[in-house]
*Asks:* 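Can you read through this structure? Questions will come right after.
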Amino acid sequence: MPFQPRELFPDRSARDLFGAEIRRHREKADMSLRRLAEVLNYSKSHLARIEAAECLPYDDLPAKLDACFGTDGLFARLYALAKNEPFPGKYRRMMDIERHAAVIEEYACATIPGLLQTAELARESLRIGNRHAPDAEIEAMVKARLDRQARLDKPQPRECWFIVDEAALRRPAGGPEVMCRQMESLVERGTHPYVTIQVLPFSAGQHAEAGNSLMLFTLPDEPMFAYKEDSRFGTIIEDQGVVAKLRKNYDLLRAMALSPRDSEAMIQAVMKEWTSWGSPRT
């Protein structure tokens, strides 16, 4: 099956415009991606992702492109715009909904919700999902994730409710020190007056959202949105009938989870386990 390049929307996104201009100049020069990667001394796979607007360069690629195509700073100028869009297009609308939400409710399956992750755990999680990405790209994604979290501390913060799967507390990511710091951070976050954290224990058993992550967004004067994600795809759901069913699923998870006080006690207990695991053995 022949390769089908991803459709780009340069009129909607500076990221897409950057990728579209690479594609346009490359095709105008009758160059394949492989040939352009050779000329630029650049990774072909990374260059393909940049052209598809799935990631941005975080080095001197814009200058190399300008030198290659004789575009007199065009790619440098486009990059200055594109770097203000830290998330790929497939996530951008969800991030915009999250930005305007008055209430955010989230259940994350087997991982700590991104809005609660420490920088260390975010780095480990993003590296697992992007094994071949350059370190600079990972660091840019970590910064974007931390920037999302900063909105929780604004003068008029939104109400946030997180249901954390017990598996996320116990599955090692980055080693005992990273996990111990993550547990400390969860306890700290849980003291915030606008943040509620509950743990869904293993004893709760199976449930309707097993294997998925679910977010519900309440926006002022708008219908509720849902965002559902599995290991491969994420979908924004606006159909209010489907959203209502997901609302019920979330309420059941909330009822099955430990109380906020008991959840804090479990997190503290797991933190002690991680501390013990990371202590030197004699």
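What's counted below: heavy atoms across the whole structure, side chains too, no hydrogens, waters or symmetry copies. One is the number of the first residue; the rest follow in order along the sequence.
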*Asks:* Answer with yes or no whether the side chains of D165 and Y107 bring together a donor and an acceptor at under 3.5 Å.
*Replies:*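 Looking only at side-chain atoms, D165 and Y107 do form a donor-acceptor pair, the distance falling under 3.5 Å.
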*Asks:* Give the intermediate values and the outcome of side chain to side chain contact (heavy atoms under 4.5 Å, CB included) for residues K245 and K248.
*Replies:* CA-CA 5 Å; K245 291 179 181 178; K248 289 181 180 178; 5.7 Å; no
*Asks:* Could you pull out the closest heavy-atom pair between P201 and V199, with the gap in Å?
*Replies:*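 Reported closest heavy-atom pair: CD-O, 3.2 Å.
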*Asks:* Any heavy-atom pair between the side chains of M31 and F69 that's under 4.5 Å?
*Replies:*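 Contact flag for F69/M31 side chains = yes.
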*Asks:* State whether the side chain of T275 and the backbone N or O of M271 hold a donor-acceptor pair below 3.5 Å, judged by distance alone.
*Replies:*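 Yes, because the side chain of T275 sits within donor-acceptor range (under 3.5 Å) of the backbone of M271.
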*Asks:* How many angstroms lie between SG in C109 and CG in L214, if you round to the nearest 0.5 Å?
*Replies:* 11.5 Å
*Asks:* Is the backbone N or O of A102 less than 3.5 Å from a side-chain atom of T218, with the two atoms forming a donor-acceptor pair by type?
*Replies:* no
*Asks:* Side-chain donor-acceptor pair under 3.5 Å between R254 and Q198, yes or no?
*Replies:* no
*Asks:* Let me confirm one number: the CE-CZ distance from M94 to F225, rounded to the nearest 0.5 Å.
*Replies:*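 The CZ atom of F225 is 13.0 Å from CE of M94, to the nearest 0.5 Å.
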*Asks:* Answer yes if the ring centres of F217 and H100 are under 6.0 angstrom apart, and no otherwise.
*Replies:* no
*Asks:* Output yes when a side-chain donor or acceptor of E264 lies under 3.5 Å from a complementary backbone atom of V187, and no otherwise.
*Replies:* no
*Asks:* Under a 3.5 Å distance rule, please check whether E166 uses its side chain to pair with a backbone N or O of L200 as donor and acceptor.
*Replies:* no
*Asks:* Side-chain contact, heavy-atom cut-off 4.5 Å: Q117 with Q149?
*Replies:*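 Sidechains of Q149 and Q117: in contact.
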*Asks:* Counting only heavy atoms from other residues, nucleotides and ligands, does the tally under 6.0 Å from CZ of R34 exceed 12?
*Replies:*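 No, the 6.0 Å shell around CZ holds no more than 12 heavy atoms from other groups.
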*Asks:* Would S32 and R35 satisfy side chain to side chain contact (heavy atoms under 4.5 Å, CB included), going step by step from the backbone distance to the final call?
*Replies:* CA-CA 5 Å; S32 66; R35 178 56 185 153; 3.4 Å; yes
*Asks:* Looking at every heavy atom in both S213 and A108, which two are closest together, and how far apart are they?
*Replies:*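 Looks like OG-CA, 3.6 Å.
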*Asks:* Indicate if V242 and L216 have the same hydrophobic cluster label, given that clusters are the connected sets of ILVMFWY residues with side-chain heavy-atom separations under 4.5 angstrom.
*Replies:*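 In one cluster: yes.
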*Asks:* With side chain to side chain contact (heavy atoms under 4.5 Å, CB included) as the test, would you mind laying out the steps for H207 and L253 before giving the verdict?
*Replies:* CA-CA 8 Å; H207 55 84; L253 286 174; 3.4 Å; yes
*Asks:* Using only atom types and a distance under 3.5 Å, with no angle test, would you say the side chain of D66 pairs donor to acceptor with the backbone of L74?
*Replies:* yes
*Asks:* Is any side-chain heavy atom of I163 closer than 4.5 Å to a side-chain heavy atom of E106?
*Replies:* no
*Asks:* Please name the pair of heavy atoms, one in V142 and one in A119, separated by the smallest distance, quoted to 0.1 Å.
*Replies:*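 So the two residues come closest at CG1-O, 4.1 Å.
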*Asks:* Between E188 and R181, is there a side-chain N and carboxylate O pair less than 4.0 Å apart?
*Replies:*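 A salt bridge is present here (some side-chain N lies under 4.0 Å from a carboxylate O).
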*Asks:* Should I104 and I237 be counted in the same cluster of Ile, Leu, Val, Met, Phe, Trp and Tyr side chains packed under 4.5 Å apart?
*Replies:*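 No, I104 and I237 fall in different hydrophobic clusters.
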*Asks:* Would you say that R127 contacts D135 through its side chain, given a criterion of any heavy-atom pair below 4.5 Å between the two side chains?
*Replies:*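 A side-chain contact under 4.5 Å exists here.
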*Asks:* Could you state the interatomic distance from CD1 (I267) to CZ (R189), rounded to the nearest 0.5 Å?
*Replies:*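 It is 13.0 Å, given to the nearest 0.5 Å.
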*Asks:* Side chains of E21 and F75: does their closest heavy-atom pair fall under 4.5 Å?
*Replies:* yes
*Asks:* When you group the ILVMFWY residues by side-chain heavy-atom contacts below 4.5 Å and let the links chain together, are V243 and W161 in the same group?
*Replies:* yes
*Asks:* Is it true that a side-chain atom of S125 and a backbone atom of L121 form a donor plus acceptor pair closer than 3.5 Å?
*Replies:*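 Pair found, side chain donor or acceptor close to backbone of L121.
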*Asks:* Considering non-hydrogen atoms only, spot the tightest contact between D16 and A53 and give its length.
*Replies:* OD1-CB, 3.3 Å
*Asks:* Quick one, L36 and K44 - any side-chain contact, counting heavy atoms below 4.5 Å?
*Replies:*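 No; the side chains remain at least 4.5 Å from each other.
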*Asks:* Distance check, rounded to the nearest 0.5 Å: Y250 atom OH versus M215 atom CE?
*Replies:* 9.0 Å
*Asks:* Atom CG in L186, atom CE in M266: separation rounded to 0.5 Å?
*Replies:*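 If we round to the nearest 0.5 Å, L186:CG and M266:CE are 13.0 Å apart.
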*Asks:* Should E209 and K228 count as side-chain neighbours, where that means a heavy-atom distance under 4.5 Å?
*Replies:* yes
*Asks:* If hydrophobic clusters are built by linking Ile, Leu, Val, Met, Phe, Trp and Tyr wherever their side-chain heavy atoms come under 4.5 Å apart, do M224 and L246 end up in the same one?
*Replies:* yes
*Asks:* With no hydrogens and no angle check, is any side-chain donor or acceptor of R26 less than 3.5 Å from a backbone partner on E51?
*Replies:*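 Checking the backbone N and O of E51 against the side chain of R26, no donor-acceptor pair under 3.5 Å is found.
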*Asks:* Looking at D30, I want to see if its CG is surrounded by more than 12 non-hydrogen atoms of other residues, nucleotides or ligands under 6.0 Å.
*Replies:*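 Count not over threshold, so no.
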*Asks:* Using modelled atom types only, decide if a donor and an acceptor are shared between the side chain of K64 and the backbone of L40 within a distance under 3.5 Å.
*Replies:* yes
*Asks:* Does one side chain, of E177 or W274, offer a donor that lies under 3.5 Å from an acceptor on the other?
*Replies:* no
*Asks:* Hey, could you give me the CZ/NZ distance between R123 and K143, rounded to the nearest 0.5 Å?
*Replies:* 13.0 Å
*Asks:* How close do I50 and L61 get, heavy atom to heavy atom, and via which atoms?
*Replies:* CD1-CD2, 3.6 Å
*Asks:* Can you get from M179 to I128 by hopping between Ile, Leu, Val, Met, Phe, Trp and Tyr side chains that sit under 4.5 Å apart?
*Replies:*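 No, separate clusters.
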*Asks:* With side chain to side chain contact (heavy atoms under 4.5 Å, CB included) as the criterion, how do F162 and T196 come out once you've worked through the C-alpha distance, each side chain's angles and the decisive distance to 0.1 Å?
*Replies:* CA-CA 6 Å; F162 299 99; T196 301; over 6 Å; no
*Asks:* Would you say N212 and E229 make side-chain contact, with heavy atoms under 4.5 Å?
*Replies:* no
*Asks:* Tell me the closest heavy-atom pair linking A122 and R145, and the distance in Å.
*Replies:*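 For A122 and R145, the tightest heavy-atom pair comes out as CB-CD, 3.9 Å.
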